[in-house]
A.B. asks: 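My structure is below; once you've seen it, I'll send some questions.
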Amino acid sequence: MEVLKRGLVLLMVFMVFQRGEGQLFENFYRGTCPNLEMIVKQVVSTKFTQTFVTIPATLRLFFHDCFVEGCDASVMIASPNGDAEKDAQDNLSLAGDGFDTVIKAKQAVEVQCPGIVSCADILALAARDVVVLAGGPSWEVELGRRDGLVSQASKVAGNLPDPEFNLVQLNTIFAKNNLTQFDMIALSGAHTLGFSHCNRFSNRLYSFSSSSVVDPSLDPNYAQQLMQACPQNVDPSIAINIDPETPRTFDNVYYQNLVSGKGLFTSDEVLFSDPASQPTVSDFASKPGNFNGAFITAMRKLGRVGVKTGNEEEIRMDCTKFKDA
């Protein structure tokens with residue numbers, strides 16, 4: 001009997017462990033908001049017809065949210081004092097269309113399911129939906145996140161990868177979020193979409209090192225294209241595509257670009273130039289199915305980072321304001 005009791009206790013502990021990082025579930029809202037995914041998908045699709053920026057902006061917003069305070073929509077908070085997460089230097093380049101997508105989706109959801117669905121879950125669903133709209137793979141999104149109660153600009157620095165990071169630095173910051181090197185390389189594939197302002201990579205063109213003004217790992221023709229698009233002292237609002245080949249399609253061409261010396265950031269190109277990560281990049285470059293599978297796994301893992309569940313935190317009515325604000 002004692003052995004049986006002990007076995008049951010171990011089974012219960014195992015089940016709790018399996019539920020793991022905050023107990024998220026697919027179909028979490030099946031009984032409380034059954035049309036949730038359809039509502040969010042419709043809003044995201046409508047927003048996409050208005051501007052393509054919806055896609056990279058929403059995907060990047062999800063990543064930035066999860067890496068600071070976990071996936072809790074803390075990045076959505078607007079502070080009258082300009083000291084919320086979104087006001088941090090590293091987040092100032094987040095495009096407004098990503099925020100607008102989540103806000104509009106939340107408003108639509110509130111009409112049918114008031115006070116039920118978190119902004120954090122809506123952002124997670126929208127991130128999946130924009131990947132699909134760009135021609136990428138779909139996956140089941142785990143749900144049940146609560147919205148965070150902390151959003152401070154001071155908490156952002158040091159928690160997001162820098163475009164000049166080397167492989168060790170990238171691995172370190174991803175490992176803090178229970179993501180492996182393999183996950184990191186797969187998530188970097190999101191750079192197949194989106195754009196960057198010139199100042200994020202201009203050092204590779206004009207002041208790389210004392211021995212080489214231009215980063216020698218850049219394809220010379222690509223470097224010339226970048227110089228034409230981003231001359232010195234260019235308007236800081238000017239932005240260019242991260243993927244110069246298929247910037248509006250979610251595909252594995254990003255990795256083919258890295259093999260060809262066309263990675264825009266140092267943190268992109270290092271994935272191919274470092275022998276420790278090169279085999280994965282080469283695999284993803286030649287086998288899109290492998291990339292898609294790895295990306296799905298990594299996005300599901302990313303969506304579990306630092307989540308609040310159960311009775312923790314809150315469900316916001318307005319994604320930009322704390323409930324009691």
Side-chain angles (χ1 to χ4, degrees), residues 14 16-24 59-75 85 88-91 94 120 123-124 127-128 131 139 141-142 144-145 148 150-192 194 196 200 242 252 254-255 258 263-285 290-309 312:
F14 177 73
V16 169
F17 181 75
Q18 283 294 93
R19 289 173 76 179
E21 296 156 282
Q23 299 135 41
L24 301 179
L59 190 54
R60 188 164 177 245
L61 187 64
F62 180 61
F63 182 86
H64 279 234
D65 182 48
C66 292
F67 262 47
V68 182
E69 294 292 324
C71 308
D72 65 352
S74 51
V75 75
E85 208 172 287
Q89 187 64 39
D90 286 343
N91 281 337
L94 290 171
L123 175 52
R128 185 269 313 272
V131 169
W139 63 92
V141 177
E142 296 173 320
R145 299 167 190 80
V150 176
S151 181
Q152 297 173 4
S154 60
K155 292 182 177 287
V156 176
N159 286 313
L160 292 168
D162 187 272
E164 295 181 22
F165 271 7
N166 60 33
L167 187 65
V168 171
Q169 291 169 311
L170 287 168
N171 282 336
T172 299
I173 204 163
F174 275 75
K176 280 169 53 178
N177 296 292
N178 297 319
L179 295 162
T180 65
Q181 175 177 291
F182 191 73
D183 297 327
M184 179 271 292
I185 297 171
L187 289 171
S188 296
H191 282 175
T192 186
S196 170
R200 302 291 282 175
I242 299 175
N252 67 328
Y254 164 80
Y255 300 101
L258 300 189
L264 186 61
F265 304 130
T266 299
S267 58
D268 289 320
E269 197 54 52
V270 73
L271 300 181
F272 183 72
S273 62
D274 194 306
S277 49
Q278 187 178 100
T280 303
V281 171
S282 297
D283 179 58
F284 289 171
N290 288 2
F291 161 53
N292 285 343
F295 184 80
I296 289 170
T297 298
M299 283 293 283
R300 283 169 64 92
K301 286 177 69 174
L302 174 63
R304 299 172 192 142
V305 173
V307 295
K308 291 82 178 171
T309 58
E312 297 178 298

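For clarity, every value in this text was computed on a predicted model and none was experimentally measured. All residue numbers refer to positions in the sequence shown, counting from 1.
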A.B. asks: For the CG atom of N178 and the CG atom of L302, what is their distance to the nearest 0.5 Å?
C.D. replies: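 Going from CG on N178 over to CG on L302, the span is 11.0 Å.
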A.B. asks: Please lay out, stage by stage, how E85 and D65 fare under the test side chain to side chain contact (heavy atoms under 4.5 Å, CB included).
C.D. replies: CA-CA 9 Å; E85 208 172 287; D65 182 48; 4.2 Å; yes
A.B. asks: Holding to side chain to side chain contact (heavy atoms under 4.5 Å, CB included), I want the full list of residues that pass it with K176, two or more places apart in sequence or in another chain.
C.D. replies: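 Testing K176 for side chain to side chain contact (heavy atoms under 4.5 Å, CB included), a comparison that skips the adjacent residues, returns N159.
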A.B. asks: Who passes side-chain hydrogen bond (donor to acceptor under 3.5 Å, both in side chains) against N252, sequence neighbours left out?
C.D. replies: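 By the side-chain hydrogen bond (donor to acceptor under 3.5 Å, both in side chains) rule, N252 matches no residue at all.
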A.B. asks: Answer yes or no: is there a donor N or O on one side and an acceptor on the other, between the side chain of S151 and the main chain of S74, under 3.5 Å?
C.D. replies: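 Checked: pair present.
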A.B. asks: Taking only distance into account, with no hydrogens and no angle test, what donor-acceptor pairs under 3.5 Å do side-chain atoms of residues 269-276 form with protein atoms, sequence neighbours excluded?
C.D. replies:
residue : atom : partner : partner atom : Å
E269    : OE1  : G263    : N            : 2.9
S273    : OG   : E269    : O            : 3.3
D274    : OD1  : A276    : N            : 2.9

A.B. asks: Applying side-chain hydrogen bond (donor to acceptor under 3.5 Å, both in side chains), can you list everything that pairs with T192, at least two apart in sequence or on another chain?
C.D. replies: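 side-chain hydrogen bond (donor to acceptor under 3.5 Å, both in side chains) check on T192 returns D243, D251.
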A.B. asks: What pairs with R300 under side chain to side chain contact (heavy atoms under 4.5 Å, CB included), at least two apart in sequence or on another chain?
C.D. replies: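 Partners of R300 by the side chain to side chain contact (heavy atoms under 4.5 Å, CB included) criterion, ordered by chain and then number, come out as E26, W139, E140, E142, I296, R304.
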A.B. asks: Under the side chain to side chain contact (heavy atoms under 4.5 Å, CB included) test, which residues partner T180, sequence neighbours left out?
C.D. replies: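 T180: side chain to side chain contact (heavy atoms under 4.5 Å, CB included) contacts with F182, D183, K301.
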A.B. asks: Working to the nearest 0.5 angstrom, can you tell me the gap between L264 CG and H191 NE2?
C.D. replies: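 Separation between the atoms: 9.0 Å.
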A.B. asks: Once rounded to the nearest 0.5 Å, what's the spacing between atom NE2 of H64 and atom CG of N91?
C.D. replies: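 Atom-to-atom, H64:NE2 and N91:CG are 6.0 Å apart.
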A.B. asks: Would you compute the distance between atom CG of N290 and atom CG of D283 and round it to the nearest 0.5 angstrom?
C.D. replies: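 Answer for the CG-CG pair, N290 versus D283, is 4.5 Å.
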A.B. asks: What are the two closest heavy atoms between I173 and P161, and how far apart are they?
C.D. replies: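 Shortest heavy-atom contact: CD1-N, 3.8 Å.
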A.B. asks: Salt bridge (Lys or Arg N to Asp or Glu O under 4.0 Å): which pairs involve residues 150-167, sequence neighbours left out?
C.D. replies: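 Of all non-adjacent pairs touching residues 150-167, those that pass salt bridge (Lys or Arg N to Asp or Glu O under 4.0 Å) are E69-K155.
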A.B. asks: Run the ring-ring contact (aromatic ring centres under 6.0 Å, His included) test against F174 and tell me which residues pass, sequence neighbours left out.
C.D. replies: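 F174 satisfies ring-ring contact (aromatic ring centres under 6.0 Å, His included) with F63, F67 only.
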A.B. asks: What verdict does the side chain to side chain contact (heavy atoms under 4.5 Å, CB included) test give for V75 and V68, after you've listed the backbone C-alpha separation in whole Å, the side-chain angles of each residue and the deciding distance to 0.1 Å?
C.D. replies: CA-CA 8 Å; V75 75; V68 182; over 6 Å; no
A.B. asks: Of all residues at least two apart in sequence or in a different chain, which pass the salt bridge (Lys or Arg N to Asp or Glu O under 4.0 Å) check with D72?
C.D. replies: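 Expected list: K308.
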A.B. asks: Not counting sequence neighbours, which residues clear ring-ring contact (aromatic ring centres under 6.0 Å, His included) with F62? List them please.
C.D. replies: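 For F62, no residue satisfies ring-ring contact (aromatic ring centres under 6.0 Å, His included) once neighbours in sequence are set aside.
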A.B. asks: Can you list the residues that meet the ring-ring contact (aromatic ring centres under 6.0 Å, His included) rule with F291, with sequence neighbours excluded?
C.D. replies: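 Once residues adjacent in sequence are excluded, the partners of F291 under the ring-ring contact (aromatic ring centres under 6.0 Å, His included) criterion are F250, Y255, F284, F295.
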A.B. asks: Of all heavy-atom pairs between V305 and C66, which one has the smallest distance, and what is that distance?
C.D. replies: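 Residues V305 and C66, closest heavy atoms: CG1-O, 3.4 Å.
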A.B. asks: Quick one: are T172 and F165 in side-chain contact, heavy atoms under 4.5 Å?
C.D. replies: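 No. Closest side-chain heavy atoms not under 4.5 Å.
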A.B. asks: Verify, without hydrogens or angle tests, whether R145 (side chain) and G303 (backbone) share a donor-acceptor contact under 3.5 angstrom.
C.D. replies: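 Yes: the side chain of R145 pairs with the backbone of G303.
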A.B. asks: Please name all residues satisfying side-chain hydrogen bond (donor to acceptor under 3.5 Å, both in side chains) with Q181, sequence neighbours left out, ordered by chain then number.
C.D. replies: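 With neighbours one apart ignored, the set is N171.
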A.B. asks: Atom CG of L170 and atom CG of L187: how far apart are they, to the nearest 0.5 Å?
C.D. replies: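 That separation rounds to 11.5 Å.
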A.B. asks: What heavy-atom pair brings C71 and A120 nearest, and what distance separates the two atoms?
C.D. replies: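 So the minimum-distance heavy-atom pair works out to O-CB, 3.6 Å.
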A.B. asks: Roughly how far apart are R200 CZ and S267 OG, rounded to 0.5 Å?
C.D. replies: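 Result: 9.0 Å between the selected atoms.
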